[in-house]
Undergrad: 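Let me give you the structure first, and then I'll get to my questions.
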2 protein chains.
Amino acid sequence: MGAPRRCRGRRPDPAKRAAIVEAASALFCSHGYGVSMETVAAAAGVSKQTIYNLFSTKEQLFGAVVASRSELIVAAIPTTAETLAPATGLLRIAGEYLRVMVGGQVPVVYRLMLATPGETGSDLIRAFYDNGPKRGLGHLAHYLAGCDAAGSLRVPDPALAAECFFGMLNGQILIRNMLGLQESWTPEELEAKARYCVDMFLATHGA
Amino acid sequence: MGAPRRCRGRRPDPAKRAAIVEAASALFCSHGYGVSMETVAAAAGVSKQTIYNLFSTKEQLFGAVVASRSELIVAAIPTTAETLAPATGLLRIAGEYLRVMVGGQVPVVYRLMLATPGETGSDLIRAFYDNGPKRGLGHLAHYLAGCDAAGSLRVPDPALAAECFFGMLNGQILIRNMLGLQESWTPEELEAKARYCVDMFLATHGA
DNA sequence: ATCTTAATGGACCGCGCGGTCCATTAAATA
DNA sequence: TATTTAATGGACCGCGCGGTCCATTAAGAT
């Protein structure tokens, strides 16, 4: 199976595929699933037939876009801070979280999921949620539980605490971004917000 | 101009119009803007022509749906608690907020806004945000500022505090609801979450 | 009674879009 | 070189949907 098995003829251009997914992602996000394949082709600088050579149907292209974007969100899940003390660890997690949220890449994925052609609550959506946001939440909860066990924090309900911590960091950022309402945060403001939330969290859960 | 000027003939049935808006709202939310007018008509138990007698175009129907739904969200903005002491006032606001969020009516409006046919960040969306969520935020900030002035709380940045307070109440509820992922909260759980958030908030901002 | 308007349902039009086909050209292997 | 495959672009099909028209029926007003 592993045999490279080189074959004849011209090789498919990986840049084309990437350009198509990129263009489709941007268009689906800004204009919804209703954009025509011709528009996607034009935006990607590619012929329509080339798209159909790579993706058999529009829904498959959509699936590829979602998969591609989901990688981003998974990559954004913080894996650092696992062994740091609460004060610094939470601050680092908060900084990561805010950066990726205001950056807009995560909101884009959410928008994408809501532009889905099928029903809401589909398998695609469920898989996305379990794989992305839920894992991020789980990671934080696990970290908090560890702190509790180590005695550096008192957090009787790590899942609830994790959800509230991310929630207060977020505030309205995600939803405003999804709605396409401009956000202008200076790094100092983000830093201040992160510190404010961490302080509030520690004021309750500090050991 | 104000003359009632009763006219001849059969009167239009207001129930028809309501049924149309209701059906369109549900379908736009669950299936996006792509649903056909015939589907809407069928769901409303009405002929297609009747829709076009009431709304000249599909976009106008969409606008009517948004307007109708926005009323709900505006009505959900808490106006109580204006003079209550922080501990009880915040708890009441929190309870209101959670109830309306898990109830799903607010998430439905957000979904609607994202199903919009035009660009993101349109006037429609901006108007909705300023009129709904922003007003709710402003109300809480005003309340907090009042408490600060009265000396019952210390809250140097009421806007930030308001955003974080709603944010931590919300957590992932709104987004999960928008994605169509089922939520099952018992009243006790909601009560516990509200109390947890209020306590955390007061631990930092208590006078 | 009569008149006027609401509402129905079905036929119909036009267009845009998903998807296919094909003849041609470009790039890689042999 | 010859051969194989990628990519192009343009013509084309079918269908679904937004929107219109119309003849008929129902329900008020006078």
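Order of the sequence lines fixes the chain letters, A, B, ..., with proteins taken first and strands second; residue numbering starts at 1 for each chain. For clarity, every value in this text was computed on a predicted model and none was experimentally measured.
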Undergrad: With salt bridge (charged side-chain N to carboxylate O under 4.0 Å, His left out) as the rule and sequence neighbours excluded, what pairs involving residues 132-148 of chain A come up?
TA: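 Qualifying pairs: D130(A)-K134(A).
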Undergrad: Could you list the donor-acceptor pairs under 3.5 angstrom formed between side-chain atoms of residues 157-167 of chain B and any protein atom two or more places apart in sequence or on another chain?
TA:
| residue | atom | partner | partner atom | Å |
| --- | --- | --- | --- | --- |
| D157(B) | OD1 | A159(B) | N | 3.4 |
| D157(B) | OD1 | L160(B) | N | 3.2 |
| E163(B) | OE2 | Q172(A) | N | 3.1 |
| E163(B) | OE2 | R176(A) | NH2 | 3.3 |

Undergrad: Please collect all salt bridge (charged side-chain N to carboxylate O under 4.0 Å, His left out) contacts where either partner lies in residues 34-56 of chain B, sequence neighbours excluded, each pair once.
TA: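 Non-adjacent pairs meeting salt bridge (charged side-chain N to carboxylate O under 4.0 Å, His left out): E38(B)-K48(B).
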Undergrad: Kindly state each residue pair satisfying ring-ring contact (aromatic ring centres under 6.0 Å, His included) with at least one member in residues 168-198 of chain B, sequence neighbours excluded.
TA: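 Passing the test, one end in residues 168-198 of chain B: H205(A)-Y196(B).
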Undergrad: Quick one: do R195(A) and E191(A) make a salt bridge, cutoff under 4.0 Å?
TA: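 Between E191(A) and R195(A) there is a salt bridge, with a charged N closer than 4.0 Å to a carboxylate O.
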Undergrad: Using a 4.0 Å heavy-atom cut-off, write out nucleotides 4-13 of chain D from 5' to 3' as B (base contacted by protein), S (sugar-phosphate only) or - (no contact).
TA: BBBSBB----
Undergrad: T57(B): what forms a side-chain hydrogen bond (donor to acceptor under 3.5 Å, both in side chains) with it, not counting sequence neighbours?
TA: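 Expected list: none.
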Undergrad: Quick one, which residues of residues 56-65 of chain B touch DNA chain C with a heavy atom under 4.0 Å?
TA: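 Heavy-atom contacts with DNA chain C come from no residue of residues 56-65 of chain B; none.
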Undergrad: What residues, two or more places apart in sequence or in another chain, satisfy side-chain hydrogen bond (donor to acceptor under 3.5 Å, both in side chains) together with Y33(B)?
TA: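 So Y33(B) forms no side-chain hydrogen bond (donor to acceptor under 3.5 Å, both in side chains) with any residue.
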Undergrad: Please give me every residue in residues 17-24 of chain B whose heavy atoms get under 4.0 Å of an atom in DNA chain D, ordered by residue number.
TA: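 Going residue by residue through residues 17-24 of chain B, none turns out to have a heavy atom under 4.0 Å of DNA chain D.
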Undergrad: How many whole angstroms separate atom OH of Y52(B) from atom C1' of dT20(D)?
TA: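 After rounding, the gap between these two atoms is 9 Å.
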Undergrad: For residues 61-77 of chain A, tabulate all N or O donor-acceptor pairs below 3.5 Å that involve a side-chain atom, not counting sequence neighbours.
TA:
| residue | atom | partner | partner atom | Å |
| --- | --- | --- | --- | --- |
| R69(A) | NE | S25(A) | OG | 3.2 |
| R69(A) | NH2 | E22(A) | OE2 | 3.0 |
| S70(A) | OG | V66(A) | O | 2.8 |

Undergrad: Among all residues two or more places apart in sequence or in another chain, which pass the side-chain hydrogen bond (donor to acceptor under 3.5 Å, both in side chains) test with R10(B)?
TA: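 Result, side-chain hydrogen bond (donor to acceptor under 3.5 Å, both in side chains) vs R10(B): none returned.
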Undergrad: Excluding sequence neighbours, so at least two apart, what forms side-chain hydrogen bond (donor to acceptor under 3.5 Å, both in side chains) with Q182(A)?
TA: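 In terms of side-chain hydrogen bond (donor to acceptor under 3.5 Å, both in side chains), with neighbours along the sequence ignored, Q182(A) is linked to no residue.
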Undergrad: Have a look at V40(A) and say if it touches a base, only the backbone sugar-phosphate, or nothing, with a 4.0 Å heavy-atom cut-off.
TA: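 No contact.
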